[in-house]
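These figures come from a predicted structure and were not determined experimentally. All chains are named by letter (A, B, ...) in the order of the sequence lines, taking the proteins before the strands, and each is independently numbered beginning at 1.
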There are 2 protein chains.
Amino acid sequence: MSDDLRDLPLRERKKLRTRRALAETALRLFTEDGYDATTLDDLCDAVEVSKRTFFRNYRSKEDVALAADSELWSAYLDRVAAQELTGPLIEALRTTLVTTLGDMDLDWDRRFLAARELSEAVPALQAHSLGYCQDTTRALVAAVSDRSGGDVAEVRARLTVEIFVAAWRTASLRWTARRGSGGRDALVALVQETFAEIPAALASCA
Amino acid sequence: MSDDLRDLPLRERKKLRTRRALAETALRLFTEDGYDATTLDDLCDAVEVSKRTFFRNYRSKEDVALAADSELWSAYLDRVAAQELTGPLIEALRTTLVTTLGDMDLDWDRRFLAARELSEAVPALQAHSLGYCQDTTRALVAAVSDRSGGDVAEVRARLTVEIFVAAWRTASLRWTARRGSGGRDALVALVQETFAEIPAALASCA
DNA sequence: CAACTTATGCCACCGAGTGGCACTGTCGCC
DNA sequence: GGCGACAGTGCCACTCGGTGGCATAAGTTG
């Protein structure tokens with residue numbers, strides 16, 4: 001995923017540099033000064049870019065804050081599309097997630113943690129982030145249903161994917177709660193733990 | 001839930017009437033002309049109310065479109081708070097949901113269906129609707145964790161609640177896909193079916 | 001009827017997001 | 001090396017969702 005590659009056309013390099021500067025500065029300003037307190041004009045001034053240019057790089061103010069989420073899901077979907085899933089679906093989904101996590105950029109941890117913490121503090125970001133999950137869910141269901149058609153099968157696929165996302169969200173919430181300590185390895189461990197808890201959770205009493 | 005009650009102070013009655021007129025007209029305009037194409041000014045003109053008044057009744061444009069969702073979750077949380085949950089947690093949550101569904105207003109079906117269809121067409125509404133689920137999740141976890149403390153228990157509770165919401169979303173999606181045919185009874189039946197599918201989904205293969 | 005409360009209307013304002021157009025740096029081609 | 005083509009950018013004006021403030025009208029209470 002690390003396409004730092006300097007063998008891109010000059011134009012692309014410039015564009016990529018402003019894209020990253022925007023995401024980086026946005027994350028800093030949002031956490032330092034607050035999400036609502038930071039206007040897009042502030043951000044654009046800081047990066048020395050026009051507001052118009054911002055919107056050519058990101059679809060919305062929420063989008064730039066949650067760039068790390070977006071990268072994860074995009075990488076995940078690529079991976080799912082590239083390989084064939086075998087065995088129990090939820091296991092396959094979990095395994096692929098763990099692999100994808102391992103392959104993210106080196107500083108992805110930090111950016112993702114910042115995004116999660118913002119997302120918990122700002123309702124608008126939380127909603128937007130859930131939207132990403134939902135889009136990913138849709139795409140996953142489509143990808144999985146293509147391979148094994150059927151009507152009952154589709155309901156099961158959707159349900160499985162929803163549960164998968166639910167477990168991921170629980171795991172990342174736990175990781176965020178301890179402020180990301182242990183880094184990516186800890187996150188992966190929490191994913192494994194949380195998925196293993198699913199049967200117990202279904203059986204647990206009030 | 002049917003507090004049509006005319007034994008309220010006159011002022012309350014008026015307020016309630018504009019509240020309902022706003023929700024009703026909003027749903028109509030949004031479905032007829034499109035969500036984005038309908039401005040709040042359009043809505044306020046149609047109801048003959050100032051924009052300021054709109055925002056004293058609803059927090060946002062999304063809010064008024066998803067009033068039916070909001071009512072459901074609010075009624076559900078009331079019910080959960082009022083009774084004690086016994087036996088397997090997910091069963092208790094499901095049963096309470098079915099009861100709550102049975103007790104909604106008579107025209108709730110129609111409004112909920114309209115809200116769901118809008119929500120599937122408009123990303124902003126989808127995100128907002130997921131936000132409601134998330135808030136409900138939080139509240140449920142808090143309510144359940146109060147009763148049975150513990151650290152591992154809290155993770156299980158959260159996971160259970162997340163799975164509960166996942167199943168509900170799958171069920172209501174199925175209902176919406178068939179355009180709400182069969183009304184509320186069909187929705188309840190789908191809820192039962194979908195929850196029953198959970199074990200099979202977890203075991204299902206790709 | 002008078003005094004108080006509360007919802008409402010009106011107006012000015014902020015910030016997110018879009019469309020249009022002119023400009024400039026980059027790239028391909030001769 | 002010069003010369004168009006064109007993507008990316010800046011600037012400007014605009015729409016629309018959402019908020020604050022204040023005067024006013026409507027409902028409530030004595």
Side-chain angles (χ1 to χ4, degrees), chain A residues 5-23 25-26 29-30 33-67 70 118 122-129 131, chain B residues 5-23 25-27 29-30 33-67 70 118-119 122-129 131:
Chain A
L5 312 178
R6 296 302 157 93
D7 44 31
L8 285 169
L10 183 54
R11 242 193 228 155
E12 303 292 327
R13 257 187 286 172
K14 269 193 141 177
K15 189 169 185 181
L16 195 59
R17 216 177 312 160
T18 56
R19 245 192 95 80
R20 291 198 175 158
L22 278 170
T25 312
L29 292 182
F30 290 165
D33 307 340
Y35 180 78
D36 288 324
T38 308
T39 70
L40 285 185
D41 289 319
D42 292 340
L43 173 58
C44 292
D45 282 356
V47 187
E48 291 183 298
V49 154
S50 84
K51 207 169 59 162
R52 207 68 193 79
T53 296
F54 171 87
F55 281 105
R56 286 194 195 93
N57 283 279
Y58 294 97
R59 272 187 305 212
S60 66
K61 190 183 179 184
E62 292 94 25
D63 224 40
V64 70
L66 301 176
S70 175
L118 277 171
V122 183
L125 285 181
Q126 186 194 304
H128 203 80
S129 145
Chain B
L5 312 179
R6 296 301 158 95
D7 45 30
L8 285 168
L10 183 54
R11 229 191 242 159
E12 304 291 328
R13 255 185 288 171
K14 269 194 142 180
K15 190 168 185 180
L16 195 59
R17 216 177 312 160
T18 56
R19 247 192 94 80
R20 293 197 175 160
L22 279 171
T25 311
L27 230 41
L29 292 181
F30 290 165
D33 307 339
Y35 180 77
D36 288 324
T38 308
T39 70
L40 285 184
D41 288 319
D42 292 341
L43 173 59
C44 291
D45 282 356
V47 187
E48 291 183 297
V49 155
S50 82
K51 209 170 55 163
R52 205 72 193 78
T53 296
F54 170 86
F55 281 104
R56 287 197 194 89
N57 283 279
Y58 295 95
R59 272 185 304 205
S60 64
K61 190 183 179 184
E62 291 93 26
D63 224 41
V64 70
L66 301 176
S70 175
L118 277 172
S119 172
V122 184
L125 285 181
Q126 185 194 304
H128 203 79
S129 147

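Using a 4.5 Å heavy-atom threshold, the side chains of A/Val49 and A/Leu43 count as separate. No side-chain heavy atom of B/Arg19 sits less than 4.5 Å from a side-chain heavy atom of B/Phe54. Side-chain contact between A/Val64 and A/Phe30 is present, with heavy atoms from C-beta onward closer than 4.5 Å.
Atom CZ of A/Arg13 is separated from atom C1' of D/dG8 by 16 Å (rounded to the nearest Å). Rounded to an integer number of Å, the gap from A/Arg56 CZ to C/dG19 P is 11 Å. A straight line from CG of B/Asp45 to P of C/dG9 spans 12 Å, rounded to a whole angstrom. Taking atom CZ on A/Phe54 and atom P on D/dC12, their separation rounds to 20 Å, with Å as the unit. Nucleotide C/dA16 holds its C1' atom 13 Å from the CG atom of A/Leu43, rounded to whole Å. For the pair A/Arg19 CZ and D/dT9 C1', the computed distance is 16 Å after rounding to whole Å. Between the CG atom of A/Leu125 and the P atom of C/dA16 there is a distance of 12 Å, given to the nearest Å. A/Phe55 has its CZ atom 15 Å from the P atom of D/dT9, to the nearest Å.
The B/Arg52 side chain lies nearest to D/dG21 when the options are C/dT26, D/dG21, C/dT18. With distances taken from any side-chain atom of B/Lys51 to the nucleotides D/dG17, C/dG25, D/dG10, the minimum falls on D/dG17. Counting only heavy atoms from C-beta on, B/Lys15 has its side chain closest to C/dT8 among C/dT8, C/dT18, C/dG9. When the nucleotides C/dG17, C/dT8, D/dG18 are ranked by their closest atom to the side chain of B/Asn57, C/dT8 comes out on top.
Within the 3.5 Å criterion, the main-chain N or O of B/Tyr35 finds a donor-acceptor partner in the side chain of B/Lys61.
Projected onto DNA chain C by closest heavy-atom contact, B/Ser50 and A/Asp41 fall at different nucleotides, the more 5' of which corresponds to B/Ser50. Comparing A/Thr38 and B/Glu48 by the nucleotide of DNA chain C whose heavy atom lies nearest to each, the residue mapping closer to the 5' end is B/Glu48.
Between A/Thr39 and C/dG15 there is no side-chain polar atom (N or O) within less than 4.0 angstrom of OP1 or OP2. Residue B/Lys14 places at least one side-chain N or O closer than 4.0 Å to OP1 or OP2 of D/dG27.
Note that OG1 of A/Thr25 and CG of A/Asp42 are 12.0 Å apart. Values are rounded to the nearest 0.5 Å.
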